[in-house]
Structure formats: C-alpha cells, structure tokens
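All remarks here apply to the structure that follows.
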Amino acid sequence: MTATIEQTGLTPTGPRFGLRELIRMRTQPITRNDLMRERYGEVIRLKVFGVEMFPCYGLDAAEQVLINRDRAFAAGPAWGHFIGPFFRRGLLLLDFEEHLHHRRILQAAFANQALRSYHEVMLPHIKRGMAHWGEVPNPRMNELFKQLTLDLALETFVGIDLPQKEQDRLNKAFINAVRAGTSVIRANVPFTPWARGLTARKELEDFFYKNIPAKREHGGDDLFAQLCLAKSDDGDEFSDEDIVNHMIFTLMAAHDTSTITMTAMAYYLAKHPEWQEKARAEAIANDTDYDTNQTLDVLTRVMKEAIRLCSPVPSIPRMALRDTTVNGYLIKKGSFVTVSPYYNHRDRTVWTNPDEFDPDRFSDERREDQAHRMAFEGFGGGVHKCIGMHFARTQVRAIFQELLRTYKWSVPDDYTWPLDLVALPFPRDRLPVTLERLS
Ligand code: HEM
C-alpha cells in the first residue's frame with residue numbers, strides 16, 4: 001500500500017490552482033504571493049496548460065533549487081519549454097557535465113581582458129548613440145535604452161560593419177526571436193509570433209554561420225570573435241554550431257535584462273533626485289576608463305538596488321528530474337519549480353524597509369545582501385549564475401556615467417510607473433521623462 005503524504009512526514013501542499021491564480025500572482029507579485037504563502041505555505045501548487053508547477057517562496061527554498069546539491073533539478077528542459085525552439089543549446093539550456101564543459105570555454109570570452117576590450121569598443125558608441133537624445137520629442141527612457149543596447153550589441157557582440165539596412169534586418173530578427181517565446185499559439189502557424197520566431201532563428205543562424213570563417217581567421221575585440229577563438233584551460237574549443245547557438249542565446253540574455261535594469265535605474269533616480277545628484281557628482285569626478293569604471297561605487301549600489309526592486313528575471317524555472325522535495329514538500333518528477341527573485345528581494349528577514357529605494361543597504365557598513373546566500377539573487381545562483389554579470393555592470397555603469405554627465409531627467413512628483421509583470425518587467429508607458437541637456 002502506498003503511504004499517504006502525512007505518513008511519509010512530507011508537508012502536504014494546498015489545493016491546486018490554475019491560470020487565473022498564476023495571473024494574479026504575476027500581476028500582484030508581492031501582496032498576492034504574501035497571501036498565498038501565509039495561507040498555503042512555502043510551496044504552492046499550480047497546473048497551467050497541462051504543466052504542473054510549484055512556485056517556491058523564500059531564501060532557503062531558492063538555495064535548495066538553485067544550488068541544486070543533489071542534482072534533482074535541471075534548467076534546460078524548464079527554459080526549453082518556453083524558449084527552446086528559438087534559443088536551443090544556449091548555455092542556460094544545457095545541464096550538468098555538458099553545461100560545465102561549455103561554460104568553461106565560454107568563460108574565456110568574459111574574462112577581465114575581454115571585458116576591457118568590450119569596454120573600449122563600446123565607449124565611443126555610447127557617446128554617439130546618446131548624443132541626439134536631447135532632440136528626441138517626448139523621450140521615453142525604456143525605448144532609448146532598448147535602441148542603444150541593440151546598437152551596442154551589434155558593435156560589442158557581433159563586431160561587423162554592416163549597412164544600416166542589414167543592421168535593421170538583424171535587429172528585427174532578433175526581436176522576433178525574443179517575442180516568439182511569449183506566443184499564445186505555440187506551433188508553426190503562419191503569421192503568429194511563433195512562426196515569425198522560427199524564421200528569425202533561421203536568419204540569425206545564416207548570418208552567424210556565414211561570418212564564422214572570417215572571424216576565426218582575423219579575430220577581433222568583439223564577443224563573436226572571442227567565441228571563435230575561446231579555449232578552456234584544457235584546450236577545448238567550440239564547433240561552428242556551438243558558436244552560433246551561444247551567440248544567439250547570449251544576445252538574448254544580455255539585451256532585455258540590461259534594458260530593464262537601466263529603465264529601473266532611470267525611474268528610481270528620477271523619483272529620488274538626491275540620488276541622481278550623488279551619482280552625477282561621481283560620474284563627473286571620475287574618468288571613463290575601464291579601471292575607474294570598476295570602482296564607481298554609487299552607480300554600482302544604485303544598479304543593485306534597481307535590480308533588487310525590479311528583478312529583470314522575475315522568476316527562474318527548473319524541472320524536477322525525479323521525485324524530490326523542497327522545504328519538505330513533495331515535488332513530482334517532471335513538474336516545474338520556480339524561484340522568484342522579484343518576490344524574494346522583498347524578504348523582510350534580510351532587507352530593512354524592503355519596499356524603499358535605499359542603495360546604501362549595499363554599503364560596506366550595512367551589506368544587507370550578505371545576510372543570506374540567496375538574499376540578492378538578481379543574477380541567479382549556483383552553476384547557472386549569470387556569466388554576463390560583470391559585463392552587464394561594466395556596460396550599465398558606462399552608459400549611466402555618460403547619461404549623468406550629459407543629461408538631467410525628471411518625472412512629475414505624482415508619477416508612478418505602470419509596471420507590466422506578465423512576462424519580463426517593463427513600464428507600459430515606456431517611462432516618459434523630461435530630459436534636459438547639461439553640456
Ligand atoms: C542586469 C543584467 C542581467 C541580469 C539581471 C541577468 C540575470 C540573469 C539570471 C537571473 C540568470 C540565471 C537564470 C537561471 O538560473 O535560470 C542569467 C544567466 C545568464 N546570463 Fe544574465 N543577466 C544580465 C545580463 C547578462 C548579460 C549582459 C549577458 C551576456 C553578455 C548575460 C548572459 C547570461 C548567460 C549566458 C546566462 C546563462 C548562464 C549559465 O547557464 O551558465 N546576462 N542571467
């Protein structure tokens with residue numbers, strides 16, 4: 001006879017909820033999840049579109065899932081469910097030995113020396129890309145950052161001089177591949193985002209395959225060249241197919257996350273002009289070289305605080321590879337678990353007044369982010385922790401240093417951004433601001 005949950009000593013989950021509850025949890029990410037946690041415990045049970053899902057609350061649960069000591073969870077099948085056809089065999093879609101093997105090679109493209117080169121390449125493009133912002137009618141920060149990061153990605157990641165028409169074609173293909181993951185119809189039906197995503201994937205593949213031979217021969221300071229030349233300490237390198245897969249995935253992983261982070265920084269700095277002035281003073285007093293960029297303390301704290309309050313990856317999924325437990329709750333083989341940095345970043349056990357914008361919580365004196373291994377999980381944790389974290393910090397600091405030196409921006413006192421949290425967070429109005437040129 002099979003033992004009941006109570007006989008096994010496991011904690012029973014509450015009733016099973018459906019799509020309506022998932023939408024409520026997404027759209028009221030703090031209040032609704034607080035309520036669910038209070039009523040039903042640390043692990044909630046959902047079934048949506050035939051998939052069994054277990055949202056897990058709290059930092060200990062996040063540690064069990066992301067650190068994954070007994071290898072019960074996999075990232076590949078979980079992320080693959082949402083974005084697999086468009087971003088197949090990207091680093092986050094690989095697991096265990098294979099993931100480690102690829103990550104070791106890819107690491108070379110994110111080493112200090114490589115970041116230094118990317119920084120040098122991006123600086124003039126940031127300056128040029130931002131020069132006309134003062135003339136943009138009705139500027140919206142989210143749109144400006146999106147365009148700038150797309151343009152920068154072509155320079156720092158792809159590093160090939162392309163006619164404007166070709167740049168636009170690539171950018172469009174890339175945007176279509178990203179959008180496809182949120183398509184309601186998940187099949188190759190003409191005119192759907194899914195079908196456009198598949199066409200886009202093919203266009204991106206063709207582009208990268210065509211350019212690999214020249215990159216392998218001539219090298220360069222861009223990520224594409226670094227991937228063509230990257231070798232692990234054991235001398236392993238990537239095949240052409242690996243390079244194409246990693247390029248397409250990395251472009252995606254870098255783009256929206258950086259755009260969201262900068263939009264959140266712009267929002268909070270507009271709402272807190274005293275912090276904007278503090279960051280501006282630092283931006284003006286310091287050089288723009290790579291070594292100085294790494295020491296911009298106010299900007300680093302503002303960036304971390306923006307990611308804490310508005311985590312660009314609000315929810316991290318994994319799939320259970322066998323029957324296992326999280327915090328004593330049974331998780332059945334084949335079901336999904338999710339950890340939410342967005343929710344956990346308001347955990348009152350580690351953050352003082354968690355709803356407030358307070359970059360000083362990351363200061364050496366306070367270090368609230370050190371209170372638990374998973375207190376700050378905006379870049380994830382465990383073996384899949386963001387490989388682009390230092391790249392993102394360098395790029396965002398470089399962009400904000402230039403922005404703060406050149407412009408001042410504000411929003412009306414009573415403005416609150418209408419944040420859409422159904423997929424990745426973004427302000428529905430794209431964050432309109434008054435932008436004033438300083439120099
Ligand atoms: C502020 C910006 C960024 C944020 C908040 C962010 C966040 C994350 C998170 C949460 C993960 C882990 C997902 C999981 O465990 O399921 C991740 C993984 C990853 N990120 Fe980022 N990311 C950012 C920027 C970037 C950039 C700029 C790049 C590349 C240049 C990048 C490349 C990657 C890659 C390749 C992975 C997969 C790592 C692996 O599976 O080993 N990210 N990122």
Side-chain angles (χ1 to χ4, degrees), residues 62-63 65-68 73-83 87 89-107 109-111 114-115 118-119 121-122 145 149-150 152-153 155-158 222-224 226-227 230 242 245-265 299-300 302-319 336-342 344-345 374 376-400 424-425:
E63 184 167 349
V65 172
L66 297 184
I67 303 301
N68 196 19
F73 299 107
W79 279 109
H81 177 77
F82 301 103
I83 56 170
F87 298 101
R89 296 193 58 75
L91 192 59
L92 195 48
L93 286 94
L94 306 177
D95 280 291
F96 307 118
E97 278 66 32
E98 192 181 25
H99 167 260
L100 189 66
H101 172 75
H102 282 251
R103 184 151 171 142
R104 282 204 179 120
I105 306 176
L106 208 57
Q107 203 79 53
F110 290 95
L115 291 189
Y118 304 147
H119 178 260
V121 173
M122 72 175 75
F145 287 134
T149 30
L150 267 181
L152 282 181
E155 304 298 339
T156 25
F157 286 31
V158 182
D222 49 90
L223 183 86
F224 189 15
Q226 296 295 319
L227 287 193
D242 293 334
N245 291 332
H246 287 309
M247 275 308 293
I248 296 177
F249 178 80
T250 307
L251 272 168
M252 188 274 292
H255 176 63
D256 274 335
T257 48
S258 304
T259 302
I260 295 161
T261 301
M262 292 190 287
T263 308
M265 289 170 73
L299 264 182
T300 304
V302 167
M303 180 178 175
K304 283 185 183 166
E305 183 65 340
I307 292 176
R308 184 187 71 80
L309 283 166
C310 181
S311 201
V313 183
S315 174
I316 299 180
R318 294 289 186 263
M319 183 186 273
F336 285 36
V337 292
T338 56
V339 162
S340 170
Y342 194 98
N344 288 341
H345 281 169
M374 286 292 137
F376 184 72
E377 56 196 55
F379 289 101
V383 294
H384 287 284
K385 186 167 182 178
C386 182
I387 200 171
M389 183 173 77
H390 296 295
F391 178 101
R393 286 189 178 154
T394 303
Q395 173 171 310
V396 168
R397 279 189 299 246
I399 292 175
F400 265 77
L424 299 189

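In each ligand, atom 1 is the first atom listed, and ligand 1 is the first ligand listed.
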Interfacing atoms of ligand 1 (cut-off 4.0 Å, heavy-atom, V313): 7 (C), 10 (C)
Under 3.5 Å, side chain of R318 to main-chain N/O of V337, donor-acceptor pair present? no
Protein heavy atom at shortest distance from atom 32 (C) of ligand 1: A253 CB, 3.5 Å
Pick one of side chain, backbone, both or neither for how H99 approaches ligand 1, counting any non-hydrogen atom pair under 4.0 Å. side chain
Do the non-hydrogen side-chain atoms of V158 and D222 ever get within less than 4.5 Å of each other? no
Quick one: does I105's side chain get under 4.5 Å of D242's, heavy atoms only? no
By number and element, which atoms of ligand 1 are closer than 4.0 Å to a non-hydrogen atom of R318? 14 (C), 15 (O), 16 (O)
Closest by any non-hydrogen atom to atom 40 (O) of ligand 1: pick that one out of M252, H384, M303. H384
Within-shell test, H246 vs ligand 1, heavy atom, strictly < 4.0 Å: no
Please confirm whether V383 approaches ligand 1 to less than 4.0 Å, judged on its heavy atoms. yes
Looking only at non-hydrogen atoms, the one of F110, F249, W79 nearest atom 30 (C) of ligand 1 is F110
Test item, G378 contacting ligand 1 (heavy atom, 4.0 angstrom): yes
Atom 23 (C) of ligand 1 - nearest protein heavy atom and its distance: T257 OG1, 3.4 Å
How about R104: does its CZ atom have over 12 heavy atoms from other parts shown lying under 6.0 Å from it? no
For the rings on F110 and Y118, is their centre-to-centre separation under 6.0 Å? no
side-chain contact (heavy atoms from CB on, under 4.5 Å) between R89 and E98, worked out: CA-CA 10 Å; R89 296 193 58 75; E98 192 181 25; 2.4 Å; yes
Pairwise side-chain contact, M265 with M303, heavy-atom cut-off 4.5 Å (strictly under): yes
Kindly check if the number of other-residue, nucleotide or ligand heavy atoms within 6.0 Å of NE2 (H390) is above 12? no
Can you find a pair of side-chain heavy atoms, one from L66 and one from M374, that are under 4.5 Å apart? yes
So, do V396 and R393 sit near enough that their side-chain heavy atoms are less than 4.5 Å apart? no
Please compare G382, C386, A109 and report which has the shortest non-hydrogen distance to atom 19 (C) of ligand 1. C386
L91 heavy atoms within 4.0 Å reach ligand 1 at atoms 38 (C), 39 (C), 40 (O), 41 (O)
In the structure I gave you, are the side-chain heavy atoms of I316 and H384 within less than 4.5 Å of one another anywhere? no
Which residue holds the protein heavy atom closest to atom 11 (C) of ligand 1, what is that atom called, and what is the gap in Å? F379 O, 3.9 Å
Indicate, as side chain, backbone, both or neither, the part of L92 found under 4.0 angstrom from ligand 1 when only non-hydrogen atoms are considered. both
Got T259 and H255 here, is their nearest side-chain heavy-atom distance under 4.5 Å? yes
Just to check, does Q395 reach to within less than 4.0 Å of ligand 1 when the distance is taken from its heavy atoms? no
For R103, the atoms of ligand 1 under 4.0 Å from one of its heavy atoms are 38 (C), 39 (C), 41 (O)
Taking S340 for the side chain and P314 for the main chain, is one N or O donor matched with an acceptor at less than 3.5 Å? yes
Ligand 1 to G380, heavy atom cutoff 4.0 Å, flagged ligand atoms 10 (C)
Starting from atom 1 (C) of ligand 1, locate the nearest protein heavy atom and write down its residue, its atom name and how far away it is, to 0.1 Å. T261 OG1, 3.1 Å
Note the single closest protein heavy atom to atom 34 (C) of ligand 1, along with its residue, its atom name and the distance in Å. I387 CG2, 3.7 Å
Which atoms of ligand 1 are found less than 4.0 Å from any heavy atom of A254? 25 (C), 26 (C), 27 (C), 28 (C), 29 (C), 30 (C)
Proximity of P312 to ligand 1 by residue part, where a heavy atom lies under 4.0 Å: side chain
